[in-house]
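Each remark here refers to the structure printed beneath this line.
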Amino acid sequence: METFPKIISVDDHTVEPPGVWRDRLPSKYRDSGPRIVRAPLREMTFLGGRFAPVMGAPGDEGPVGDWWVYEDLHRPLTRLDTAVGYDRDEIRLEVITYEQMRPGSYSVPDRLADMDVNHVQSALCFPTFPRFCGQTFTEAKDRELGLLGVRAYNDWMVEEWCGPDARGRLIPLTLIPLWDAELAAAEVRRNAARGVRAVAFSEIPPHLGLPSVHTDEWDPFLAACDETGTVVAMHIGSSSRMPSTSADAPPAVGSTITFANCCFSMVDWLMSGKFERFPNLRVMYAEGQIGWIPYILERADVVWEENRGWGGVADKVHRPPSEVFAEHVYGCFFDDAFGLRNLDAIGVGNVLYETDYPHSDSTWPKSREVGEAQMGHLAPDVVERIVRGNAIELLGLTEDGLWAGP
């Protein structure tokens, strides 16, 4: 391509600095809230879609890493959290310290520099320690502390990660207390009042022991999103369960079918009737890729047309699901040549671009080159919409693609 638009990535990640919670929680919680401990690794497996690390005691043998400690949870920083800059064949499932990761993972100035290298103008970042929709706090025993933890993360996200030093180039994505839809609605409104237009949510809430989107339990939260124009952002794995086939399947199996949770989730939403009840509601699927979408829309339309009478949706889904999708759902991709060849069956207005920095799948520092190679057959105005225009509209950014702040 003669020119390639500056990228707005709707799926990157931040590795939270050690002081996010200790600096913001009330003093009585600073030693019980999330904190970093340097300790050896006893063992760690990642099989059947389940990540299982075990922290050793001081003096134990084993590689040393930085661990987030919170109640009974011991979660290490791993090379998979921040793999950019390493040769693909050198990336292993191993514990690391902050000194062993690329500074752009947790430092705003370094992140902006790495974005410059990668032709990225702006980026929306999902969390690491809270996991992709804040389920770490939902699983905690102390609900009062959990709510404070969610709010502390959101304050850090808005005021520091996306603060003045970011110059509008980092776009805030906040969390909610998933255990209480009324509290979640209040948190959406609190953050919307300071310019936030995206909130993380689980792709399949029942996997977290939470109600499905087919119930009315989430309606206060969804109403708040509908009223404030806050998009519901769902990342693969935000149900704490990655797709797999067996308990002993290697990670490569799950990595190949990571889109599956997004696929299941999208059908849930299209058949839920929520988009008719909340007409301004928008959802996006981060890191789900897009090549699978045309068939699912085709199949959903057939089921709606032929089977809605006995399928339990005739009274709440009054249009073909593909029409509902076109108005309410966005697929996100970073490397999907097949999906781009079938863009007409998805919709130019329903696709967003991402780089997945700093994860092992990231196209950094060659996201522009990947985009040019895969979008070379598309008209310049179509490329512009995919790479930045749709994100500007969805996330309420300025015409220049920046977050305007409160």
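No side-chain donor-acceptor contact under 3.5 Å links D400 and T398. When only modelled atom types and interatomic distance are considered, Q374 and D335 share a side-chain donor-acceptor pair under 3.5 Å. Residues S367 and T355 have side chains that never bring a donor and an acceptor to within less than 3.5 angstrom of each other. In this structure, a donor-acceptor pair under 3.5 Å is present between the side chains of Y357 and D114. With no hydrogens or angles considered, no side-chain donor-acceptor pair links Y70 and T136 at under 3.5 Å.
Using the six-membered ring where Trp is involved, F129 and F137 have ring planes that are perpendicular, over 60° apart on the 30 and 60° scheme. Under the 30°/60° scheme for interplanar angles, the aromatic rings of W218 and F221 are found to stand perpendicular.
For the pair C225 and V199, the minimum side-chain heavy-atom distance is below 4.5 Å. Contact of the Q289 side chain with the F338 side chain is not registered, since no non-hydrogen atoms from C-beta on lie closer than 4.5 Å. Between L343 and I386, the closest side-chain pair of non-hydrogen atoms falls below 4.5 Å. A 4.5 Å side-chain heavy-atom check between I392 and E399 finds every atom pair outside the cut-off.
The main-chain N or O of G195 is found under 3.5 Å from a side-chain atom of W403 such that the two form a donor-acceptor pair. In this structure, R143 contributes its side chain and T138 its backbone to a donor-acceptor pair below 3.5 Å. Put simply, the side chain of H377 gets close to the backbone of L340: a donor and an acceptor are under 3.5 Å apart.
More than 12 non-hydrogen atoms from other residues, nucleotides or ligands lie less than 6.0 angstrom from NZ of K6. More than 12 heavy atoms of other shown residues, nucleotides or ligands fall within 6.0 angstrom of atom CG in D315. Counting non-hydrogen atoms of neighbouring residues, nucleotides and ligands closer than 6.0 angstrom, the CG atom of D381 exceeds 12 such neighbours.
Sorted by first and then second residue, the side-chain hydrogen bond (donor to acceptor under 3.5 Å, both in side chains) pairs involving residues 31-42 (not counting sequence neighbours) are R22-D31, R38-D66, R38-E99. Pairs of residues two or more places apart, or lying in two chains, that qualify as ring-ring contact (aromatic ring centres under 6.0 Å, His included) and include a residue from residues 72-100 are Y98-Y106. The ring-ring contact (aromatic ring centres under 6.0 Å, His included) analysis of residues 222-249, with sequence neighbours excluded, yields the pairs H13-H235, F126-H235, F132-H235.
Here R131 pairs with E139 under the salt bridge (Lys or Arg N to Asp or Glu O under 4.0 Å) rule; sequence neighbours left out. Partners of D155 by salt bridge (Lys or Arg N to Asp or Glu O under 4.0 Å), not counting sequence neighbours, listed by chain and number: R190, R194. Partners of D219 by salt bridge (Lys or Arg N to Asp or Glu O under 4.0 Å), not counting sequence neighbours, listed by chain and number: K274, R277.
Taking the ring centroids of Y353 and F333, they lie under the 6.0 Å cut-off.
Between atom CG of residue D11 and atom CG of residue L124 there is a gap of 8.0 Å, rounded to the nearest 0.5 Å. In this structure, M284 CE and N390 CG are separated by 12.0 Å, a value rounded to the nearest 0.5 Å. Rounded to the nearest 0.5 angstrom, D12 CG and W364 CH2 are separated by 12.0 Å.
The pair R282-E393 does not meet the salt-bridge criterion, since no charged nitrogen lies less than 4.0 angstrom from a carboxylate oxygen. For E187 and R151, the salt-bridge test passes: some basic side-chain N is under 4.0 Å from an acidic carboxylate O.
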